[in-house]
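Here is the structure we will look at, set down as structure tokens.
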Number of protein chains: 2
Amino acid sequence: MINPILSPVHTSSRDDAVLNALVDFVASEGLKPGDRLPTERVLSEYLKVSRTTVREALTRWQELGLVERRQGSGTYLRAAVTRNMLHMPLTLPSGNDFGSLMHTLEIRRGLEAEAAVLCAERASDEDIAFIEQKLIRMEAAFHEREGMSSEEDWDFHLAVFRTSGNPLFEQIIAAMYEMFHRFWEHPLGVRDFGHASFPYHRTLFNCIAARDPVGARAEALKLIATVEDDLRRGAANLKKQSKT
Amino acid sequence: MINPILSPVHTSSRDDAVLNALVDFVASEGLKPGDRLPTERVLSEYLKVSRTTVREALTRWQELGLVERRQGSGTYLRAAVTRNMLHMPLTLPSGNDFGSLMHTLEIRRGLEAEAAVLCAERASDEDIAFIEQKLIRMEAAFHEREGMSSEEDWDFHLAVFRTSGNPLFEQIIAAMYEMFHRFWEHPLGVRDFGHASFPYHRTLFNCIAARDPVGARAEALKLIATVEDDLRRGAANLKKQSKT
DNA sequence: GCGCCTAATTGGTTGGACCATTGTGCCAAT
DNA sequence: ATTGGCACAATGGTCCAACCAATTAGGCGC
């Protein structure tokens, strides 16, 4: 019954009218992320609505991360906007406990496995060469710094997601990834966090290169499993520390 | 009362202060989703901020789907709220072409299978009884109206997702579900849309009741497969029609 | 008891005012 | 000529008081 998304189209709402007009404006002016929007007062006058209404509309975009406001400076675009965007506000209660972090991994488990399957099914030769390049770069960074490199690691996975041909994978998993790392920059004092996942990157790639969807799923699952394991170890670590 | 803990971050924003106070109020009153919040004017007076500020704060919660406003009636809680909630709003460009629709199904394939697994692993006896009740209701609606009922069908799946213990499943899948149905209330002229998925609801339930995660995954995948098939038939239908 | 109508309540909108922060450009001191 | 500080204008943030629009509750007549 409580559907977090469904919001009967309030076409009569002034806010939506303002936002739609703003989408058109952004499109007609060719504004890109980082560019400044007109001031609230200007929008208010131009759209023939009160400044309060403009503010309410901008507040909504701000909450969705589409826009950033800087007092004294202006309002700046942060992402591409289009009409009929689908907004998907994900909410986790109390985001920094063990359970919530595990929840993000459960989502990744389902999605990364599926993405690996699709990637293995659809990858062209060029795609595979590109992914291999990312893999080699990741491995090099691993040996250089003697540990996982978040950036190169992410680039590799990103290449896999994009090859799946479905942009939703990248966006949703990226959100999970950010949720996970927001509180665990140095997760729970586990020094070699992510270390165990290293070998599975290559085995995953091998399955993709061999167009083996079943194997790719298996390797992706193993990879996630190591992360889950790290998280469990970290949680145990924390428990032990709090006892002393 | 406000937590005696030293306020970690002196909230620079009035909005956040209002929302934090509101979280405490909801907690102290034991309000649940569906309950009514105090009116904006009351909050304004009690919190010693202007009604404008209260409105801006509530607008943010509304955009996150935490709260619903009804003019002339009041503001109602839609989800549990806590301090330190983690918000991750995603905005997806929603297309209404065949490819985009299929993309939502690929996401659902990965997530519904995973949710079914977790549900089968974690369901208590009460959970199973509740899910069965939803199943029976869905089957009754099916036979009554001789076709799938979106509402009862969704209720059944919802029960499964919630039993998984991970709120993200419901949120993400609901977004996919809405994206799918936004343009295809009567998808592509396929009259018996969803018809083929009917039997798999019970087989899925049986696996869950038997605590068989592997079987549950298989049945969930079959269920999604029928929807994908319907979509393909619809697309073919449309193609044929446009030719004439 | 039933149905309609009125009045109070509540969110939505408006206009105007002022505050806090930021950016800019001028001006003086070096 | 460069640099530093200062005044001022622009911009988002907050406030107030009133009115609009939808909803709800209560009372009135039947």
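Just so we're clear, the structure is a prediction, and the values are computed from it rather than from any experiment. These values consider heavy atoms only, across backbone and side chains, with no hydrogens, waters or symmetry-generated copies.
Shown here are the side-chain contact (heavy atoms from CB on, under 4.5 Å) partners of B:Leu135, two or more places apart in sequence or in another chain: B:Glu139, B:Phe156, B:His201, B:Arg202, B:Phe205. Residues satisfying the side chain to side chain donor-acceptor pair (under 3.5 Å) criterion with A:Glu144, sequence neighbours excluded, are absent altogether. For B:Thr91, the side-chain contact (heavy atoms from CB on, under 4.5 Å) partners two or more places apart in sequence, or in a different chain, are A:Leu64, A:Leu66, A:His87. Listed by chain and residue number, B:Arg145, B:Ser149 satisfy the side chain to side chain donor-acceptor pair (under 3.5 Å) test with B:Glu152 (two or more places apart in sequence, or in another chain). Judged as a salt bridge (Lys or Arg N to Asp or Glu O under 4.0 Å), and not counting sequence neighbours, the contacts of A:Glu112 are A:Arg108. For the salt bridge (Lys or Arg N to Asp or Glu O under 4.0 Å) test, no residue two or more places apart in sequence or in another chain qualifies with B:Arg137.
A straight line from CD of B:Glu68 to P of C:dT10 spans 17 Å, rounded to a whole angstrom. Atom-to-atom, CG of B:Asp15 to C1' of D:dC15 comes out at 13 Å; the value is rounded to the nearest Å.
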Taking only N/O atoms, report every protein-nucleotides 24-26 of chain C pair under 3.5 Å with atom names and distance.
none

Every protein N/O within reach of nucleotides 23-27 of chain D N/O, cut-off under 3.5 Å:
residue : atom : partner : partner atom : Å
D:dT23  : O4'  : B:Gln71 : O            : 3.4

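Within the structure, the side-chain hydrogen bond (donor to acceptor under 3.5 Å, both in side chains) test picks out the following pairs touching residues 41-50 of chain B (sequence neighbours left out): B:Ser50-B:Thr53. Sorted by first and then second residue, the pairs that involve residues 18-30 of chain A and meet side-chain hydrogen bond (donor to acceptor under 3.5 Å, both in side chains), not counting sequence neighbours, are A:Asp24-A:Arg83.
For the segment residues 31-46 of chain A, residues with any heavy atom less than 4.0 angstrom from an atom of DNA chain D are, sorted by number, A:Arg36, A:Thr39, A:Glu40, A:Arg41. A heavy atom closer than 4.0 Å to some atom of DNA chain C occurs in B:Arg51, B:Arg55, these being the qualifying members of residues 47-63 of chain B.
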Practice item. Using the ring-ring contact (aromatic ring centres under 6.0 Å, His included) rule, take B:His195 and B:Phe142 through it: C-alpha gap first, then chi angles, then the decisive distance, then the call. Key: CA-CA 9 Å; B:His195 211 98; B:Phe142 181 84; 5.0 Å; yes

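For A:Glu151, the CD atom is loosely surrounded, since the number of other residues' heavy atoms within 6.0 Å does not exceed 12.
Here the side chains of A:Arg55 and A:Val18 are not in contact, with every heavy-atom distance at 4.5 Å or above.
Between B:Phe198 and B:His143, the ring centre distance stays below 6.0 Å.
With hydrogens and angles ignored, the 3.5 Å screen pairs a side-chain donor or acceptor of A:Thr104 with a backbone N or O of A:Leu101.
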